[in-house]
Amino acid sequence: MSPLLLLILLPLAASLLIMIGANPRRTAIVAALLNLVLSVLLFARYDLHAGGWQFLSEWHVLPNLGINLSLGADGLSMTMLLLSTLVTLSALWVAPKIEKREGLYYVCLLFISAGVIGAFSTLDVLFLYSFHELALIPTFILIGVWGSGDRQAAAWKATIYLGGASFVLLIGIISLYLSLPSGMRTFDLRQLDHLALSGTFHPASWIYLLLLVGFGTLVSLFPFHSWAPPAYACAPTPAAMLHSGVLKKFGLYGLIRICLPLFPEAIQQFNALLVLMLIGNILYIGYVTVAQKRLDWTIGYSSVMHMGYIFLGLASLTVMGINGAALLMFAHGLSVAAAFALCGEIRRRTGTLDYSELGGLGKVTPVLGLLFGFAAMASVGLPGFANFAGEILVFFGATVSSIYGPLMVVAIIIGVWGVVVSAIYMLRAYRHIFWGPIAQRWESLTDIAPTAKWSVILLLVPLMIAGFYPQIILNMVGTILPR
Amino acid sequence: MNTTSLEFAVVGLGILLLLAEAFIDRTNKDYLAYLGAAGLAIILVLSFLPLQGPATGSPDSAFLTSDILSVFFTRFLLVSTIVVLLMTPGYKPVLARYLPAEKEGAGVGEFTILPLFVCAGLMWMVSAIDFIMIFVALELATITLYVLSTYLRQNMASLEAGTKFLILGALSTGFFVYGITWIFGVTGTTNIVSLPQSISLLPESSTLPLLFGVALILVALSFKIGAFPFQFWVPDVYQGAPTPVTAYLSVASKAAGFVVLLRLLVALETVPVLAHKLYAVVTLLAGVTLIFGNLAAIPQTNMKRLLGYSSVAHAGYLLMGVASLGSLMAIPAIGLYFAAYLVMTLLSFVVLMVVAEATGGEEISRFNGLSQRSPLLAGAMLLAMASLAGIPFTAGFVGKFLIFEVALKQGHFGLVAIGCITVAAGFYYYFKVARAMYWQQATEETPIPVSMTIKLLIALLGAGILALGIYPGPVLAALR
Amino acid sequence: MNVSTIAWITLSAPILAAALILLVTRKSKPLAAGLAILSALITCAGGWILFSRGATGDFLGFNWVDLGASFQIPIGIALDPLSRTMLVIVTTIAPLVFIYSIGYMKDEEGYWRYFAGLALFLFSMLGIVLANNLVMMFIFWELVGVSSYILIGHYFRKDSAADAAKQAFLVNRIGDFGFMLGILLFWISTGTFSFSALNSSAGVFVQHPALLGVACVLIFCGTVGKSAQFPLHVWLPNSMEGPTPVSSLLHAATMVAAGVYLLARIFPILSASPGACEVVAWTGAITALGAGILATQQDDIKGILAYSTISQLGYMVTGAGLAVSAALPMFHLFTHAFFKCLLFLTAGSVILGMHHEQNIWKMGGLLKKMPVTFITYCCGMLALSGCPFFSGHYSKDLIMACSWEHHRGIFWVVVIAAGLTPFYMTRQAMVVFFGKARTEHSEHAHESPLVMIIPLILLAIPAVCAGYAPVEHFFFHEIGSLAEPEVPSFVPTIFMAAFLAGLGLAFLIYRNVEKDPVRIPFLAQRFYIDDLYFWIVRVIQGGFARLCSFIDRWFIDGILVQGSATFIWTIGFALRFLQLGNIQAYAFFFGAGVIGLIYLILNVR
Amino acid sequence: MPTLANYLLASGILFAVGLGGVMLRRSIIIIFMSLEIMLNAANLALIAFSRYGLVSGHQVFDAQILVFFIITVAAAEVAVGLAIIVSLYRARQTTHVEDLDTLKF
Amino acid sequence: MLLSAFWFFATLTIAFGISVILLRNPVSCAMSLAMCFISLAALFITLDATLIGIMQILVYAGAVMVLFLFIIMLLDLRTEKSRRLNFGTTLGGVLVIAAFLSMLTQIVLSNPQFAQTIPTLALPTPDNVKMIGMTLFHSYALPFEAIGVLLLSATVGVIVLSRRTLR
């Protein structure tokens with residue numbers, strides 16, 4: 001059995017066991033732990049010198065349509081798989097005690113996990129898409145049943161928006177497939193890359209636009225972002241972690257995987273558009289974030305804003321920029337998951353995330369405050385966390401490509417300014433929640449529980465390792481790019 | 001083995017069961033359903049033996065054919081009839097409530113047996129290549145379905161549905177017949193296969209009358225498949241008719257209509273003047289049907305009515321495939337879509353029947369909290385809804401994927417754009433059911449009892465959804 | 001041990017200490033302090049060894065980022081005269097402040113947090129000093145920022161401290177915005193960010209002097225933020241909310257000087273751009289003058305020192321902008337480090353003696369109660385004021401002379417600032433130590449414990465001597481020439497006159513006064529710059545943010561997203577009413593449909 | 001001699017009359033009668049086409065067979081239809097289409 | 001001769017057809033319908049479709065009409081109450097009919113083939129029944145069998161629907 005298939009099947013098997021009646025929490029965590037161990041092993045076993053796709057396996061589904069369930073991983077997928085398993089374990093671990101329908105809760109989470117793992121480990125574009133969609137219904141249920149705030153509206157919006165967008169994406173994928181000469185049609189990434197390299201394959205540039213809109217919406221590219229903040233704000237903690245930390249990266253992964261190699265000209269052609277949109281992400285969303293009055297919305301919008309940096313890296317079309325973008329994907333996944341985990345912990349204690357009601361919690365929950373400080377600083381892009389390395393690389397990449405036009409220069413300036421903006425809202429959040437005088441009613445709060453603490457540390461440690469020595473990730477990611 | 005014998009076997013089975021019903025004195029008529037299902041299952045197995053069409057030159061060969069389409073849809077019809085038959089024992093309580101019965105079980109037997117005649121009619125219809133045969137087979141099926149729709153004689157909804165179906169159905173029959181008349185008058189033939197050749201010999205002046213006839217036939221077929229603006233009967237009849245009949249109408253009867261449409265278009269494709277116009281019209285029909293079906297479904301609150309609109313919506317997707325017949329993959333795509341449609345629609349009707357019986361109503365709000373009352377039913381319904389909405393790894397996704405693939409291949413960009421909007425709308429109204437089942441609280445907590453037969457049906461149909469969604473290869477191979 | 005190993009140990013000892021304090025010794029006060037001090041002592045030893053060995057070289061640690069030959073970000077140590085001298089300054093002052101902190105922080109909560117922060121700061125500062133390239137310096141630059149944030153916000157439950165910490169971080173970030181752009185601009189122009197390569201790359205810019213100017217000014221933005229130059233100076237006075245040793249170490253002696261060190265680091269390339277130098281020099285001069293003026297009207301003992309620090313940093317920056325030699329600003333940095341550290345520590349001693357009272361108008365007559373503090377304070381105060389035979393005199397004099405030589409306009413500005421320094425320092429000394437006790441606290445003030453006194457005495461020595469020629473030669477002969485330029489003899493006289501005028505005037509005004517006889521609200525309110533910034537942040541930025549938020553909620557989400565959903569829903573809602581339920585209506589629609597379809601099929605082409 | 005067009009127009013008018021009856025009358029029985037008129041209009045056209053034999057040039061009997069089938073089907077349809085109308089009447093005491101409007105929207 | 005027969009019966013057929021949809025009393029309607037069918041049968045005979053013409057009279061004017069009348073009597077249907085005429089519906093219906101007829105006329109008149117008069121018969125009339133019989137039971141055996149099933153099914157259906165109580 002292929003190790004990657006095992007990686008996909010473990011969460012599914014666990015959810016099956018839960019449906020049959022196994023202890024939900026224990027089963028889920030064991031499966032996630034096994035998955036993490038497995039993915040770390042695979043990460044370590046990946047042969048950097050050989051590069052390329054490894055751990056390959058293939059099952060025929062519709063061979064004459066060129067659809068096969070082929071699994072395989074290169075450095076980028078390995079990185080994303082590691083991210084997925086890390087966040088999955090952390091999310092399951094940090095999940096609070098569920099009173100009603102505990103099984104369904106964990107089944108939904110495991111399905112999301114299986115979906116993202118599948119998406120990151122398949123070589124077939126159609127399965128890439130399909131696995132991602134596996135998360136749609138579980139998210140709908142999770143937000144609707146266990147969410148907070150205006151959860152129903154948020155769940156509806158996210159579901160319809162993402163459903164519609166991914167259908168646009170599907171249309172794009174089919175168009176891409178159809179633009180291959182008949183007889184050579186395939187969904188296999190390897191063959192697509194090969195055809196593109198050999199110059200026999202020139203998909204029309206409007207297909208790129210479809211893919212950009214489709215993938216872009218999943219990543220909350222401005223102006224297709226408005227589903228994300230309410231969904232994250234209202235989702236139960238583990239769902240928000242998985243969704244913003246991992247699932248969202250799928251869109252970026254798709255852009256790197258599919259669009260970069262196949263649409264070299266179209267990307268150039270529409271780069272100005274992309275740059276304009278990402279400026280919207282950084283500057284406009286940045287300031288929207290500044291105006292937020294609740295922590296969950298702040299983090300939700302901040303995760304939208306940070307996508308702008310990853311897009312900047314992609315738009316730079318340079319080795320540095322794309323490396324930076326990939327590193328940032330990994331880093332942002334971990335940091336935003338940690339932030340949401342802690343956000344959930346705060347909410348569980350206080351029942352509110354309104355800045356005007358909170359304050360001074362640092363005194364009664366020092367460890368929570370410390371960990372949140374780490375997460376906030378990571379999000380701000382402080383050196384020592386991988387986010388910083390990613391951003392730096394993105395800036396260097398963008399600088400290289402800035403010789404092509406003044407728009408990129410504007411984007412860089414705004415991007416660097418965005419670092420200031422992100423500091424504004426993150427420090428504001430920290431200031432309002434943990435610092436300042438403490439209100440009487442918060443005096444008796446308890447500090448973070450060990451499970452939550454360790455699940456956040458589980459996210460922060462790799463983040464710092466990658467921050468101190470980003471080359472670990474860059475070496476892996478670099479296998480998809482020419483040096 | 002000859003194909004026609006399959007239909008006669010079904011008719012024979014029906015007559016046999018009628019006799020049994022008449023002479024065996026049992027109040028519990030469940031055995032009829034099981035016998036019928038078993039008989040059909042045997043016929044289904046037989047259909048996998050090497051089949052031959054009627055021998056060339058024999059009189060039957062002018063009426064029936066045995067091609068991939070007919071074989072596939074014969075099996076399709078058999079499967080859907082089996083499912084519907086197995087649903088009937090679960091529907092007994094409703095029949096008992098609305099039939100003026102002298103003793104227990106009266107009327108149940110006929111309700112179980114009549115679908116067999118419909119099945120035979122539809123089987124003839126999918127194999128027919130002559131308008132006369134199509135007409136007769138269509139009427140056999142339709143007239144029996146009038147009876148079945150009105151079956152709950154003391155239920156106003158059922159009566160109203162039956163009357164509407166009867167009048168509008170007869171109206172469409174009128175147009176069908178008139179259309180046949182004109183085609184026959186101009187070309188001198190009623191045979192679809194020989195139609196192109198006859199047309200090629202015609203003088204130019206005959207084009208207009210020919211088009212007139214074809215247009216009227218299209219009207220009748222649009223009525224049958226529920227395409228806008230001939231869909232008006234669909235939501236009303238679906239809502240009012242007995243649930244197993246609705247399921248049957250929405251799956252089997254629609255499929256037969258599509259097969260005829262396909263045969264007609266495939267034949268006329270070789271006629272340049274006609275093909276172009278026909279595709280334009282079908283494309284337009286597909287567009288308006290998609291919009292109407294999906295958008296009007298959004299505000300629905302009655303589950304059966306919602307499924308009615310959804311059936312119109314799916315007719316739109318199927319018409320999209322029909323409009324793309326120029327592609328080699330179109331017919332397999334449509335066939336697969338139908339296979340998917342069968343499992344997902346029937347599954348939702350099965351669950352609907354059980355839930356409606358347990359809660360006493362068919363509104364979506366009756367599903368509130370179903371996931372707590374019966375995780376099995378809720379899970380099955382969720383799966384069906386996911387498939388109807390087109391979530392990957394379900395049959396519905398593969399169907400949509402192939403349909404949109406051929407549509408794009410044929411350059412129907414407008415349809416695809418409409419499709420994007422309607423798919424999003426579809427997410428909304430299908431997920432409304434999921435919301436009721438998972439988000440809402442149930443008014444009562446008691447578990448819903450599910451009989452073994454229903455459990456078996458749910459398991460089979462659910463497995464079918466997943467199997468088609470993950471590994472559609474075999475079905476697709478059967479269509480090539 | 002070879003030089004490289006010593007250098008790496010020096011650099012990494014504090015971060016290890018910080019990590020250990022965070023992870024292991026949080027519970028134990030002595031262990032936390034001990035670890036921090038141990039690491040400081042190790043760095044001190046390392047610093048002196050490296051200095052005494054005259055170690056020179058570029059030691060690559062590892063490639064932090066390595067994307068092939070074309071792009072690498074190395075983490076490496078550059079040892080040269082400049083970094084060695086700076087290393088010695090930092091590592092000498094740091095242990096003293098660490099030790100002093102034991103006494104000062106004895107009764108405070110968050111002990112471990114404080115020492116971990118100090119250790120982290122020391123690590124970051126050493127990183128800045130030793131960095132061999134701009135990106136590495138930027139990394140540590142940011143870390144310095146965050147450690148400063150942690151330390152200023154030590155009393156995080158006080159609103160003022162929390163706000164001050166946030167402000168310090170953000171203002172620094174604004175400076176770093178320019179710094180980062182400068183790095184990018186230099187890199188894209190020269191293809192390198194290593195200091196050695198950069199400083200010899202002036203040739204690249206021969207064709208594009210403006211580009212070089214812009215790049216240098218952008219880098220200088222980093223200095224403006226970190227060294228609190230106008231207009232980003234606002235955070236430094238507020239940062240006095242932190243514990244006094246922190247103010248002493250970070251916000252007086254070392255961290256704020258990092259900006260000056262950065263200018264010295266890129267001095268060769270900076271001096272190749274006259275335009276950039278002009279900007280730098282003027283910024284420094286304006287800062288020196290403006291902060292000097294503001295210092296005269298502050299009431300907070302630390303506030304006065306904070307503005308004096310800004311003013312002195314202005315001197316240093318001016319020194320750098322005169323493009324004479326990298327040694328010029330460094331020399332003032334060197335002397336300033338000692339006397340300003342000393343001044344802050346004595347201020348801390350006073351504050352502790354006054355039971356955390358910081359308003360000078362509530363003190364008075366402390367001369368007798370805190371004699372050692374007073375004496376050491378005088379050393380620092382006179383050095384700062386530029387009194388002859390005290391260290392500050394020499395470095396200031398040099399800058400003054402050079403500015404006469406190179407830029408008359410700046411000279412006059414600097415002279416006025418030089419006159420203000422003795423004025424406000426004398427004011428402070430008069431009010432705090434002379435006269436009679438104004439409050440209860442000042443009557444019961446007491447001398448500080450030994451652990452605090454000893455660092456004071458130890459620092460007083462260099463505060464006096466650091467400017468003497470042998471010392472200067474010992475530390476600076478390798479960095480660059482510090483020869484006094486040939487200036488007319490009246491130039492030193494003007495300087496002396498300014499000193500005496502300031503001293504005398506303050507003595508006359510503030511002798512035996514109960515409350516401040518001079519009240520100038522415009523100055524007490526800091527030129528209203530803080531209010532202006534507050535207004536900008538609140539109204540302009542806040543307004544923009546709210547506008548964006550409004551657009552996002554009501555236009556993008558409201559009209560575009562929800563609107564289109566509602567639109568579709570409405571169409572659906574309307575369409576369902578076609579389904580009238582009436583057979584005749586259906587028949588009519590059917591008939592109309594037939595007509596339409598026939599018409600279509602007949603007429604479509 | 002009447003032309004084919006005469007017959008076709010007559011059949012067309014008859015068909016239109018039937019269609020009009022379906023659209024305009026409210027009694028289900030009459031609507032049903034109108035439907036029968038439509039079928040008979042088709043029969044007339046069929047017989048005419050069969051007699052004139054446009055393609056073959058002589059009388060074609062296939063059309064008459066079709067008419068035969070149509071008459072049979074129509075009879076069955078009438079039987080079932082009237083049975084439905086009777087049950088409707090039994091349950092609602094009405095044969096008016098306006099009264100059938102519970103299923104809508 | 002034939003022409004005048006055509007005009008006579010065609011006018012009659014259409015007139016009775018129109019009276020079906022105009023008369024208010026159901027019984028009159030049914031009678032008009034019977035007359036309509038009878039004149040239609042005459043038209044069939046002018047077209048040499050004697051058998052069909054006779055069948056038309058037997059099945060339609062005979063059996064079907066009796067059924068209609070029987071039901072009208074059974075249900076005791078009175079004159080349709082003169083409910084307010086829905087002007088919109090009426091106008092719409094008339095428009096649809098007019099459009100249909102205009103299109104039909106256009107189509108019929110556009111084709112010169114339709115202008116031909118009745119060709120002479122190749123075969124003598126008496127063989128008509130035989131020919132139909134041969135065709136029906138030989139070539140059309142399959143649809144004929146299907147019609148049989150249809151009748152069976154319809155019978156069962158009618159029984160189920162109209163029995164007062166089910167056994």
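Labels below follow one simple rule: chain letters A, B, ... track the order of the sequence lines, proteins then strands, and each chain is numbered from 1.
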Where do [X] and [Y] come nearest, in terms of heavy atoms and distance?
{"X": "Arg173(C)", "Y": "Val419(A)", "result": "NH1-CG1, 2.7 Å"}
{"X": "Ala291(A)", "Y": "Ser549(C)", "result": "CB-CB, 3.6 Å"}
{"X": "Gly467(A)", "Y": "Trp64(C)", "result": "O-NE1, 3.1 Å"}
{"X": "Pro383(A)", "Y": "Leu143(C)", "result": "O-CD2, 3.6 Å"}
{"X": "Leu67(C)", "Y": "Leu393(A)", "result": "CD1-CD2, 4.0 Å"}
{"X": "Cys548(C)", "Y": "Tyr284(A)", "result": "O-OH, 3.4 Å"}

Under 4.5 Å from any heavy atom of chain A, what part of [X] do you find: side chain, backbone, both or neither?
{"X": "Leu547(C)", "result": "neither"}
{"X": "Val537(C)", "result": "neither"}
{"X": "Val65(C)", "result": "both"}
{"X": "Phe193(C)", "result": "side chain"}

- Selection from Lys158(C), Gln562(C), Gln541(C) maximising heavy-atom pairs under 4.5 Å formed with chain A: Gln541(C)
- Task: Against chain A, work out which of Ile556(C), Leu184(C), Ile188(C) has the most heavy-atom pairs shorter than 4.5 Å and name it.
- Result: Leu184(C)
For a 4.5 angstrom cut-off between non-hydrogen side-chain atoms, does [X] reach [Y]?
{"X": "Leu370(A)", "Y": "Arg113(C)", "answer": "no"}
{"X": "Phe224(A)", "Y": "Leu560(C)", "answer": "no"}
{"X": "Val400(A)", "Y": "Trp187(C)", "answer": "yes"}
{"X": "Phe434(A)", "Y": "Arg157(C)", "answer": "no"}

- Message: Assess the residue pair Asp552(C) and His225(A) against the criterion (side chain to side chain donor-acceptor pair (under 3.5 Å)); give the C-alpha distance rounded to whole Å, side-chain angles, the decisive distance to 0.1 Å, and a yes or no.
- Response: CA-CA 10 Å; Asp552(C) 205 54; His225(A) 63 274; 2.6 Å; yes
So, taking the atom named [atom1] in [X] and the one named [atom2] in [Y], what distance separates them when rounded to the nearest 0.5 Å?
{"X": "Ile15(C)", "Y": "Phe468(A)", "atom1": "CD1", "atom2": "CZ", "value": "5.5 Å"}
{"X": "Ile392(A)", "Y": "Ile183(C)", "atom1": "CD1", "atom2": "CD1", "value": "6.5 Å"}
{"X": "His432(A)", "Y": "Lys166(C)", "atom1": "NE2", "atom2": "NZ", "value": "5.0 Å"}
{"X": "Phe177(C)", "Y": "Ile414(A)", "atom1": "CZ", "atom2": "CD1", "value": "9.0 Å"}

Pick from [options] with the largest number of heavy-atom pairs that fall under 4.5 Å of chain C:
{"options": "Pro366(A), Ala398(A), Gly436(A)", "answer": "Gly436(A)"}
{"options": "Ile438(A), Val380(A), Val421(A), Val290(A)", "answer": "Val380(A)"}
{"options": "Leu327(A), Val288(A), Thr289(A)", "answer": "Val288(A)"}

- Could you tell me whether Phe71(C) and Phe396(A) have their ring centroids closer than 6.0 angstrom? yes
- Qualifying residues under side-chain contact (heavy atoms from CB on, under 4.5 Å), relative to Thr159(A), sequence neighbours excluded: Leu136(A), Phe140(A), Phe431(B)
- Query: Near Phe62(C) CZ, under 6.0 Å, is it more than 12 heavy atoms from other residues, nucleotides or ligands?
  - Reply: yes
- More than 12 foreign heavy atoms under 6.0 Å from CD of Glu443(A): is that the case here? yes
- Message: Please determine whether side chain to side chain contact (heavy atoms under 4.5 Å, CB included) holds for the pair Leu181(C) and Ile412(A), giving the CA-CA distance in whole Å, both sets of side-chain angles, and the decisive distance to 0.1 Å.
- Response: CA-CA 8 Å; Leu181(C) 289 179; Ile412(A) 294 167; 4.0 Å; yes
- Item | Whether Tyr149(C) and Trp435(A) hold their rings parallel, tilted or perpendicular, with breakpoints at 30° and 60° | parallel
- Item | Heavy-atom proximity to chain C below 4.5 Å, by part of Tyr301(A) | side chain
- Which atoms of Trp297(A) come close to chain C, meaning under 4.5 Å heavy atom to heavy atom: side chain ones, backbone ones, both, or neither? side chain
- Query: Under 3.5 Å, side chain of Gln471(A) to main-chain N/O of Asn63(C), donor-acceptor pair present?
  - Reply: no
- Test side chain to side chain contact (heavy atoms under 4.5 Å, CB included) applied to Leu382(A) and Phe169(C), step by step: CA-CA 11 Å; Leu382(A) 193 78; Phe169(C) 193 91; 4.3 Å; yes
- Item | salt bridge (charged side-chain N to carboxylate O under 4.0 Å, His left out): pairs with one or both residues in residues 415-438 of chain A, sequence neighbours excluded | Arg431(A)-Asp159(C), Arg431(A)-Asp163(C)
